There are 2 protein chains.
Amino acid sequence: MNVKNVKYKNQGIHAIAAIFTIENGEISVLLIKRKREPFKGKWILTGGAVYNDENVDKGLKREIKEKTGLTDLYFEQFGVFSEPKRSPMLRMIAITYVALVDIKNANIIKETSNTLNAEWFNINDIPKLGYDHEEILDKALEYLKKIILKSDIVKVLLPKHFTMPELQKIYEMLLNKKIDRRNFRKKLLNLGLIEETNYENLGRVGKPPKFYKFKDVITEKNIL
Amino acid sequence: MNVKNVKYKNQGIHAIAAIFTIENGEISVLLIKRKREPFKGKWILTGGAVYNDENVDKGLKREIKEKTGLTDLYFEQFGVFSEPKRSPMLRMIAITYVALVDIKNANIIKETSNTLNAEWFNINDIPKLGYDHEEILDKALEYLKKIILKSDIVKVLLPKHFTMPELQKIYEMLLNKKIDRRNFRKKLLNLGLIEETNYENLGRVGKPPKFYKFKDVITEKNIL
DNA sequence: CCAAAAGTGTTCAGCCTACACCCATGC
DNA sequence: GCATGGGTGTAGGCTGAACACTTTTGG
């Protein structure tokens, strides 16, 4: 069946993710450079059009894989951008996501049939973006800060076994503020997302840290 | 420009609202009965396809007005439903909303060119719905309970001047639990959304209540 | 004066913040 | 033994929950 009513013909869905990672102690976001019009040569967030046989999550995964090679990331939907003119030519509605990926697993494909380049940009040094992606990026960062204490989303940024100071650094970077060591430990243990392990790793300066891991089973109570 | 790639041709956007009100001390949701296939004769939530020159909010407002006559309601977007088969025939993605309306202003159009009927249904007595609207309704109720303490959304359900017990009854109905009178008063006043007025209204049994109103200016701090 | 409805205050528990000293290791 | 980095506890303020009596009106 084809759409006949011209009032809502030729609409499409964009699934768009602000993919974040932590690199050299700073938050970066992955941008891709467009190969075609519109916005040819401009940097944009990762994403693209959802196919008819996909739900939006699946379309996003496929687009990310096609345009960056990334397959193993955590993502969460946070918004809808639907101004009629947000995309020139076709009417596209964007379903937007925050995603996190571990830089160590992040082997980025630089060029594809649709993209000229892909690069991590420090979030304090973002170029002008195509479409309405600057607005989407702003909202994504805001959302990330809001959910970071209510989910185990940071899991992907850490090795299986990690220490409190390692975990704390990630929160400090994402939230962009200093946190008290004692309070942080109490809070995180209280949240019930992580548990101590008997993993050990000596050979470093200073008192050896305890190691923790994210619990395998996250109960309802944990993730609000 | 027309879509050529068949993989994402003929997609469309549904804006769909679970419109709630409080009637005889119970929560009701507005359902409309479809006049055409698919789901001809079935009850569904209010909504329809977004036009090309509208953002989703605007499309929702238009659809609600066309199909129910309602113009003055509070609504908030909460989700996206995108399973490929959620709508038979055309591939439609649903952007979903919670809406609230004051029953006293709710003069419902019963039949339109697209609908056979429109009626309020007690949420404990919902018929089988078309599309995936049962799932949407469940999620909408869940969302409503979550935001009710963080926004002035209940404003539309109350007269300009209202008493604490009146306000409390609405919260108790929406949250479906008893709340302690003293704690409720402290909490609501603390939230800073409402303020006392010198409105008076005697002639009722019992000690005369104080009247309150929602503040005209809601500051950033108030709505988290 | 009595029935009905509204107003009010205290205590306890849990959570957040601020803050300083001790401990185990490598060199 | 000393430098480095990690671990730990306590006190004050805020928030949410539990709980019972007094006040004002209409009839």
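Every heavy atom of this structure was used, including side-chain atoms; hydrogens, water molecules and symmetry mates were not. For clarity, every value in this text was computed on a predicted model and none was experimentally measured.
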Determine whether any donor atom in the side chain of [X] lies under 3.5 Å from an acceptor atom in the base of [N], or the reverse, and answer yes or no.
{"X": "A:Lys178", "N": "C:dT17", "result": "no"}
{"X": "A:Asp180", "N": "C:dC19", "result": "yes"}
{"X": "B:Arg182", "N": "C:dA6", "result": "no"}
{"X": "A:Arg181", "N": "D:dG7", "result": "yes"}

Residue whose closest nucleotide on DNA chain D lies nearer the 5' end, A:Thr163 versus B:Lys177: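 Its nearest nucleotide lies further toward 5', so the answer is A:Thr163.
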Earlier contact from the 5' end, DNA chain D, for A:Lys186 and A:Pro208: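 In this pair, the answer is A:Pro208.
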Would you kindly give the [atom1]-to-[atom2] distance between [X] and [N], to the nearest whole Å?
{"X": "A:Leu188", "N": "D:dG7", "atom1": "CG", "atom2": "P", "value": "13 Å"}
{"X": "A:Asn201", "N": "D:dG5", "atom1": "CG", "atom2": "C1'", "value": "14 Å"}
{"X": "B:Leu191", "N": "D:dC14", "atom1": "CG", "atom2": "P", "value": "16 Å"}
{"X": "B:Lys207", "N": "C:dT8", "atom1": "NZ", "atom2": "C1'", "value": "8 Å"}
{"X": "A:Phe211", "N": "D:dG5", "atom1": "CZ", "atom2": "P", "value": "15 Å"}
{"X": "B:Asn190", "N": "D:dC14", "atom1": "CG", "atom2": "C1'", "value": "9 Å"}
{"X": "A:Asn183", "N": "D:dG6", "atom1": "CG", "atom2": "P", "value": "17 Å"}
{"X": "A:Gln168", "N": "D:dG7", "atom1": "CD", "atom2": "C1'", "value": "12 Å"}

Between CD1 on residue A:Ile136 and CG on residue A:Leu45, distance to nearest 0.5 Å: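 Taking CD1 in A:Ile136 and CG in A:Leu45, the distance rounds to 6.5 Å.
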Whether A:Glu63 side chain and A:Val50 backbone form a donor-acceptor pair below 3.5 Å: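 Pair absent, no side-chain N/O of A:Glu63 close to backbone of A:Val50.
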Donor-acceptor contact below 3.5 Å, side chain B:Gln11 vs main chain A:Gly12: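 Flag not set: sc B:Gln11 to bb A:Gly12 has no pair under 3.5 Å.
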Ion pair check, A:Lys33 and A:Glu111, cut-off under 4.0 Å: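 Salt bridge absent between A:Lys33 and A:Glu111.
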Ion pair check, B:Lys146 and B:Glu142, cut-off under 4.0 Å: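 Judged by the 4.0 Å cut-off on N to carboxylate O distance, B:Lys146 and B:Glu142 do not form a salt bridge.
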Side-chain N or O of A:Lys210 closer than 4.0 Å to phosphate OP1/OP2 of C:dC23: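 Looking at the OP1 and OP2 atoms of C:dC23, neither is under 4.0 Å from any side-chain N or O of A:Lys210.
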N/O (side chain, B:Lys187) to phosphate O (OP1/OP2, D:dG16) under 4.0 Å: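 Checking D:dG16 against B:Lys187, a side-chain N or O does come within under 4.0 Å of OP1 or OP2.
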Candidate nucleotides C:dT25, C:dG9, C:dA6, ranked by approach to the side chain of A:Leu202 - the nearest: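 Out of C:dT25, C:dG9, C:dA6, the nucleotide with an atom closest to A:Leu202's side chain is C:dT25.
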